[in-house]
Structures are given as structure tokens and as C-alpha cells.
There are 2 protein chains.
Amino acid sequence: MAQIKHSRQREAIRIFLMSRKDHPTAEAVYAHVKEEYPNISLGTVYRNLTFLVDNGEAIKVPCDDGSVHFDGNVEPHPHFQCRKCGAIIDLDFDGTKCENALNKAAATDFEGIIEGNVTFFYGICPECRRENS
Amino acid sequence: MAQIKHSRQREAIRIFLMSRKDHPTAEAVYAHVKEEYPNISLGTVYRNLTFLVDNGEAIKVPCDDGSVHFDGNVEPHPHFQCRKCGAIIDLDFDGTKCENALNKAAATDFEGIIEGNVTFFYGICPECRRENS
DNA sequence: AATAAACTAGTAATAATTACTGTTATTATA
DNA sequence: TATAATAACAGTAATTATTACTAGTTTATT
């Protein structure tokens with residue numbers, strides 16, 4: 001029922017998220033949007049990030065290290081986190097086959113309903129790898 | 001170097017974790033161990049959970065909903081979370097094959113190092129399924 | 001038993017997120 | 001275009017999960 005009204009701040013947050021290949025945290029979004037709207041509040045950022053996620057315009061990426069990142073690319077795709085620098089990186093391959101196989105395997109002898117799965121990769125990112133060698 | 005000393009509290013926490021099929025949160029561990037050690041402090045629970053995880057005696061399970069659970073079963077095995085009640089459940093199947101296939105696929109055209117991956121399943125747990133139908 | 005260091009309880013501090021409140025911006029309508 | 005209704009905002013306070021600190025207690029060692 002509740003109508004949705006346009007807002008400059010929300011738009012700025014969306015634009016920023018979509019323009020980014022890295023996966024900013026709420027704090028990072030705040031820091032950036034603040035340049036355009038100096039007195040935007042952190043609450044507004046959180047409220048709108050949640051809004052975007054709920055409306056399928058962004059994905060919430062909770063990581064193993066406890067940090068929460070946001071992704072403007074809503075096409076299903078796997079994520080990778082660097083064990084060293086913590087960066088979240090998109091992996092560009094189609095894991096659909098494996099995903100389906102996994103869902104099937106998981107559903108065997110399981111009385112509940114498997115709706116899907118998320119695979120999270122970890123290791124060393126290209127940059128840290130270069131530095132280290 | 002630092003020597004490790006035995007402690008009743010830590011032992012109680014480990015025993016409790018291992019005895020559990022569900023995956024208690026720090027708070028749940030606290031609530032339980034408190035029955036035996038009424039003035040154990042929450043800090044002690046956190047410190048020892050971290051200790052157990054660091055020493056390979058427990059696994060930290062950070063979930064999509066932001067909650068953090070702990071698992072006394074350190075054998076690698078996939079987890080499932082119910083979208084309705086939030087329960088974490090162990091899935092009893094061997095996904096090693098798929099896991100390896102995924103790692104291989106992910107490594108293609110990736111300049112970093114893929115060390116591994118964690119697959120997290122979601123859907124409706126057996127109990128919620130029964131209730132709903 | 002005496003000693004040293006790890007561990008604890010209790011409390012304070014921090015960090016991330018959510019809730020609240022009075023004001024502002026947006027949209028629908030007159 | 002002005003008015004009215006309300007979604008969204010800024011600013012702040014509150015909440016939650018977790019970590020840090022400190023003085024006292026346990027544990028292991030001699």
C-alpha cells in the first residue's frame with residue numbers, strides 16, 4: 001500500500017552502488033555520498049541500502065570476517081574475499097551447473113526445502129599475490 | 001610460545017558445543033554454561049569461543065541474517081539456514097566433488113589464488129515445512 | 001608450599017546498526 | 001499554482017554484539 005516517493009539521496013546512493021566494481025560498506029557509501037550531500041545522515045544511508053536490497057536493486061554481502069558489503073550488480077554471481085586485504089571481488093564465471101548439482105545433492109534425504117545456495121570463495125587476491133612474490 | 005592452561009569454563013564451553021546438533025550463538029552458550037557456572041562472564045564465553053575456533057576445535061558460522069553461530073563439529077560439512085525460523089542445520093552429504101569443480105572453474109582467468117569456498121544453503125527447514133502445510 | 005603466568009569476573013568501551021522525533025521534500029489533487 | 005498528506009530526511013539517542021581493561025583467582029611448575 002505505502003507509496004514510494006523519489007528522493008535525491010536514495011538516487012545518489014543507487015547511482016554510486018551501480019557505478020562501483022568494488023563492494024562498498026555502508027560506511028564507504030556514506031563517505032562518498034557525503035561529498036554531494038554534506039549533511040546526509042548515516043541512518044539515511046542504512047535505510048536506503050535496506051530499501052534497495054528489499055527492492056532487488058542491490059545485494060547485501062555479509063562476509064566471513066563479519067563485515068557487510070553491498071553490491072549494485074544484482075545479476076547472480078559468485079564472490080571472492082581476499083584473506084589478506086579483505087577486498088570483495090566478483091568472479092566472472094557461470095557456476096549455475098554446479099549450483100544446481102549441489103542443490104540436488106543437498107535435497108537428497110532432506111525433509112525440508114532447498115531453495116538455493118550461495119557459494120563464497122576465499123584466497124589471495126591478484127594484487128596481494130603480486131606484492132607477496 | 002605462550003603456554004595454554006586448562007580452565008573449567010573453557011572445558012564446559014567445549015563440551016556443550018560438541019554435545020549440540022544445533023548451532024548455538026555466543027549468547028546461547030552463555031545462557032547454558034551459566035547454569036553450571038552462575039557467574040561466568042559473557043567475555044569469557046567470547047574469549048573461549050574465539051580460542052576454540054583458532055585452535056580448530058570449533059567453527060564460526062556467520063549467517064546471511066547477520067547472526068553468528070558456532071559449530072562443535074569441525075569436519076567440513078555444508079550448512080543450511082531456514083528462511084523462516086533462522087535455524088542452522090547440518091546437511092549430511094558430501095559436496096567435495098562439486099566444491100573442487102567450483103574451485104577449478106573459479107580459478108580460470110583469475111589472477112589470484114582460490115584457496116577454497118564455502119557453500120551456504122537456504123530454504124525452509126523440515127519443521128517449518130510441516131507447520132505450513 | 002611458593003611462584004609465575006594464564007585465565008576469570010566484572011565492568012567499561014567500541015562499533016555497527018536501528019529507532020525516534022521534529023522538520024523538509026515530494027507527490028497527488030484541488 | 002497553491003494546498004494538503006505523507007514519505008523521507010537530519011540529527012540524535014538507543015540498542016546490540018563484541019572487544020578491551022583491570023584487579024583478583026586458578027592452574028601448572030618448581
Side-chain angles (χ1 to χ4, degrees), chain A residues 1-17 22-55 57-71 81 86-88, chain B residues 1-17 22-55 57-71 81 86-88:
Chain A
M1 284 290 109
Q3 129 180 242
I4 290 162
K5 286 186 179 168
H6 182 265
S7 112
R8 304 139 174 279
Q9 291 91 335
R10 179 184 301 147
E11 196 58 17
I13 291 169
R14 187 190 14 248
I15 300 290
F16 176 63
L17 262 195
D22 65 347
H23 303 66
T25 59
E27 204 66 43
V29 172
Y30 177 58
H32 180 269
V33 181
K34 209 171 183 179
E35 290 173 20
E36 192 178 354
Y37 297 93
N39 35 2
I40 193 172
S41 92
L42 192 51
T44 297
V45 171
Y46 274 105
R47 183 159 18 81
N48 281 306
L49 284 173
T50 304
F51 177 97
L52 293 173
V53 169
D54 289 348
N55 286 64
E57 305 190 77
I59 291 174
K60 188 175 181 175
V61 187
C63 299
D64 263 37
D65 63 359
S67 64
V68 177
H69 298 246
F70 292 87
D71 189 347
Q81 183 167 37
I88 309 291
Chain B
M1 285 293 107
Q3 129 180 241
I4 290 160
K5 285 186 178 165
H6 183 265
S7 114
R8 305 142 173 278
Q9 291 90 336
R10 179 184 300 148
E11 196 57 19
I13 291 169
R14 184 190 16 248
I15 300 289
F16 176 61
L17 262 195
D22 64 348
H23 303 67
T25 59
E27 204 66 44
V29 172
Y30 176 58
H32 180 270
V33 181
K34 210 171 181 176
E35 289 173 21
E36 192 178 354
Y37 296 94
N39 35 0
I40 193 171
S41 92
L42 192 50
T44 297
V45 172
Y46 273 105
R47 184 163 14 84
N48 280 306
L49 285 173
T50 304
F51 176 98
L52 292 174
V53 168
D54 289 348
N55 286 65
E57 305 190 75
I59 290 173
K60 187 176 180 175
V61 187
C63 299
D64 262 40
D65 64 0
S67 64
V68 177
H69 298 246
F70 292 86
D71 190 348
Q81 184 168 36
I88 309 292

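- Among residues two or more places apart in sequence or in another chain, the ring-ring contact (aromatic ring centres under 6.0 Å, His included) test is passed with B/His32 by B/Phe16.
- For residues 22-40 of chain A, the set of pairs meeting the salt bridge (Lys or Arg N to Asp or Glu O under 4.0 Å) definition, not counting sequence neighbours, comprises A/Arg20-A/Asp22.
- Protein chain A contacts DNA chain D over a range whose 5' and 3' limits, counting nucleotides with an atom under 4.0 angstrom from a non-hydrogen atom, are D/dA5 to D/dG11.
- Residue side chain A/Lys5 does not reach the base of C/dA25 through any donor-acceptor N/O pair under 3.5 Å, judged by distance alone.
- If you take OH on B/Tyr37 and OG on B/Ser7, they are separated by 8.0 Å, rounding to the nearest 0.5 Å.
- Nucleic acid contact for A/Glu27: none, since no nucleic acid atom lies under 4.0 Å from a heavy atom of the residue.
- Not a single donor-acceptor pair under 3.5 Å links the side chain of B/His23 to the backbone N or O of B/His69.
- Comparing the end axes of the helix from C/dA1-D/dT30 to C/dA30-D/dT1, each fitted to five base pairs by superposing C1' atoms of four pairs onto the next four, gives an inter-axis angle of 30° (nearest 10 degrees).
- Considering all non-hydrogen atoms of both residues, A/Val33 and A/Ala12 come closest at CG1-CB, 4.0 Å.
- Atom CD in A/Glu11 sits about 17 Å away from atom P in C/dA25, given to the nearest Å.
- Listed pair B/Gln9 / C/dA9 meets the phosphate criterion, a side-chain N or O lying under 4.0 Å from OP1 or OP2.
- Residues B/Lys60 and B/Ser7 each lie close to DNA chain D; by heavy-atom proximity, the contact nearer the 5' end of the strand is made by B/Lys60.
- Residues A/Glu11 and A/Arg14 are paired through a salt bridge, judged by an N-O separation under 4.0 Å between the basic side chain and the carboxylate.
- One can place CD of B/Gln3 at 18 Å from P of C/dT3, the figure rounded to the nearest angstrom.
- Remark: side-chain polar atoms of A/Asp65 are paired, donor with acceptor, to backbone N or O of A/Ser67 under 3.5 angstrom.
- Considering all non-hydrogen atoms of both residues, B/Leu52 and B/Ile13 come closest at CD1-CG2, 4.0 Å.
- Residues A/Pro24 and A/Val29 share a closest heavy-atom pair of CB-CG2, 3.9 Å.
- Remark: side-chain polar atoms of B/Gln81 are not paired, donor with acceptor, to backbone N or O of B/Ile88 under 3.5 angstrom.
- Applying the ring-ring contact (aromatic ring centres under 6.0 Å, His included) rule to A/Tyr30 yields no partners; only residues at least two apart in sequence or on another chain are considered.
- Within residues 31-52 of chain B, the residues that have a heavy atom under 4.0 Å from DNA chain C are, in order of number, B/Asn39, B/Ile40, B/Ser41, B/Thr44, B/Arg47, B/Asn48.
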